[in-house]
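Remarks on the structure that follows.
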Amino acid sequence: MPGALDIAGNRLESDDMALIIQKFGGTSVADVDRIKQAAFRTQAEVNAGHQVVVVVSAMAGVTNALVEYTDQMGALADAREYDVVVSSGEQSNAGLMALALQNLGIQARSWLGWQIPIWTDNVHGKARISGINTENIVSRLEVGEVAVVPGFQGMGTNNRLTTLGRGGSDLTAVALAGALRADRCDIYTDVDGIYTSDPRIVTRARKMDRITYEEMLEMASLGAKVLQTRSVELAMNQNVRLQVRSSFVEDLGTFVVSEEEIMEQQIVSGISHSRDEAKVTLLQVSDRPGVAAGIFGPLAESSVNVDMIVQNVSEDGKTTDLTFTVGQSELETAVTVLREKQSDIGFGDIVADANLVKVSVVGVGMRSHAGVAQTMFTALAEKGINIKVITTSEIKVSVLIDAEYTELALRALHTAYGLDEDND
Ligand code: ASP
Ligand code: MG
């Protein structure tokens with residue numbers, strides 16, 4: 001079948017040329033030696049006859065240091081200059097990578113965001129990509145030159161340099177993959193893939209061969225540190241095949257792909273958790289129209305991001321309790337804002353609890369299977385773990401539990417859904 005891909009995303013016909021985006025994260029290009037090592041990964045693809053675009057991050061820690069310089073300069077007056085400063089780590093790495101490739105005898109040149117250009121809006125510090133001119137790069141790829149692109153940067157319609165928000169080099173890579181219709185976008189990082197649960201807690205967690213875009217988006221704790229969320233959304237929209245793989249080992253990583261590519265879908269693909277959870281309960285909230293708007297409006301205005309919300313019907317028709325969760329760093333703001341509005345909103349008291357964890361089971365297979373949540377509740381009950389709040393979406397069931405049960409819950413659920421690796 002022409003165009004068929006093997007599991008690594010390579011065309012099955014070995015003489016077929018593919019276009020591959022290789023993105024190297026900060027730890028993969030953390031110093032000159034590592035840049036030289038990364039260049040060998042590019043050389044391997046070039047030698048296999050492929051066209052390659054390399055996207056580089058700044059050296060690990062450099063962007064933080066640059067942000068810190070702008071802080072030290074005083075209150076931020078001009079975000080355009082902030083972008084000039086913080087984008088520079090990627091720029092120097094792009095030049096260094098081009099040099100490393102040239103030293104291996106590979107034709108290569110750097111393409112800064114404005115030279116391509118990668119067009120964005122003018123929201124400096126977190127600009128959105130609006131379009132990419134691919135002609136120039138394509139003509140050079142066609143004559144066998146490797147394009148090296150600094151991640152994280154673009155050019156606004158004001159002709160000023162912009163940056164795409166922290167972690168934005170992933171976005172650069174995916175956007176280029178989409179615009180160039182690349183066969184594959186390899187994200188080289190310091191982990192070797194996405195696991196069914198946090199392997200530091202669940203020793204029987206397995207590296208997944210494949211995961212769907214939607215699962216990746218839902219499994220924040222497993223994926224978000226590895227791939228920037230916006231880049232996964234873009235990959236899903238543009239149907240870019242992503243591979244998360246390690247720079248430091250040869251093995252294949254985890255492919256992030258569309259649902260159609262996964263034949264034998266597990267019902268539950270992974271168990272994730274988030275420790276950054278705090279719960280707020282408002283007692284005796286008056287039961288009348290407009291109350292929810294009165295509570296969540298002021299929270300939104302104070303940029304408090306609310307996650308789970310639970311409200312019961314009131315027994316007496318007068319008052320009910322309402323519980324919601326926020327990130328731990330936002331708990332104090334949430335409580336302060338609501339106390340200020342206590343008489344306007346009309347409630348009895350506020351109870352806050354920050355010692356919680358959210359555990360989620362995720363899998364696109366649960367769309368077509370019943371009983372998924374029941375397995376979760378039973379497994380937790382058998383361990384004597386009390387569930388405080390439950391929410392569900394089409395492909396996820398989440399529960400809030402006491403933080404001290406995190407490890408126990410993750411392991412029990414991993415076993416209950418048959419995800420354990422047979423390592424005995
Ligand atoms: N260097 C930028 C950051 O640290 C972008 C990236 O590496 O993805 O946020
Ligand atoms: Mg990153």
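We count ligands from 1, going down the list as the structure has it; atoms in each ligand are counted the same way.
Judged by distance alone, the side chains of Gln22 and Asp186 never bring a donor and an acceptor atom under 3.5 Å apart.
Around the CD atom of Glu332, the shell of radius 6.0 Å holds no more than 12 heavy atoms that belong to other residues, nucleotides or ligands. Residue Tyr405 places its OH atom among 12 or fewer non-hydrogen atoms of other residues, nucleotides or ligands, all under 6.0 Å distant.
For the atom pair CG of Asp307 and NZ of Lys279, the computed distance is 14.0 Å after rounding to the nearest 0.5 Å.
Summary of contacts: the protein heavy atom closest to atom 6 (C) of ligand 1 is Ser169 OG, 3.2 Å.
Taking a cut-off of under 4.0 Å to the non-hydrogen atoms of Ser57, the atoms of ligand 1 that pass are 6 (C), 7 (O), 8 (O). Every atom of ligand 1 is numbered from 1 in the order shown, and the set under 4.0 Å from a heavy atom of Glu90 is 1 (N), 2 (C), 5 (C), 6 (C), 7 (O).
The shortest heavy-atom distance from Gly168 to ligand 1 is under 4.0 Å.
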Legend entry - Step-by-step side chain to side chain contact (heavy atoms under 4.5 Å, CB included) determination, Asp170 to Lys23: CA-CA 7 Å; Asp170 291 341; Lys23 184 263 174 178; 2.8 Å; yes
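The shortest N/O to N/O separation between Gly167 and ligand 1 falls below 3.5 Å.
Considering Met59, Gln228, Arg166 only, the shortest heavy-atom separation from atom 3 (C) of ligand 1 involves Arg166.
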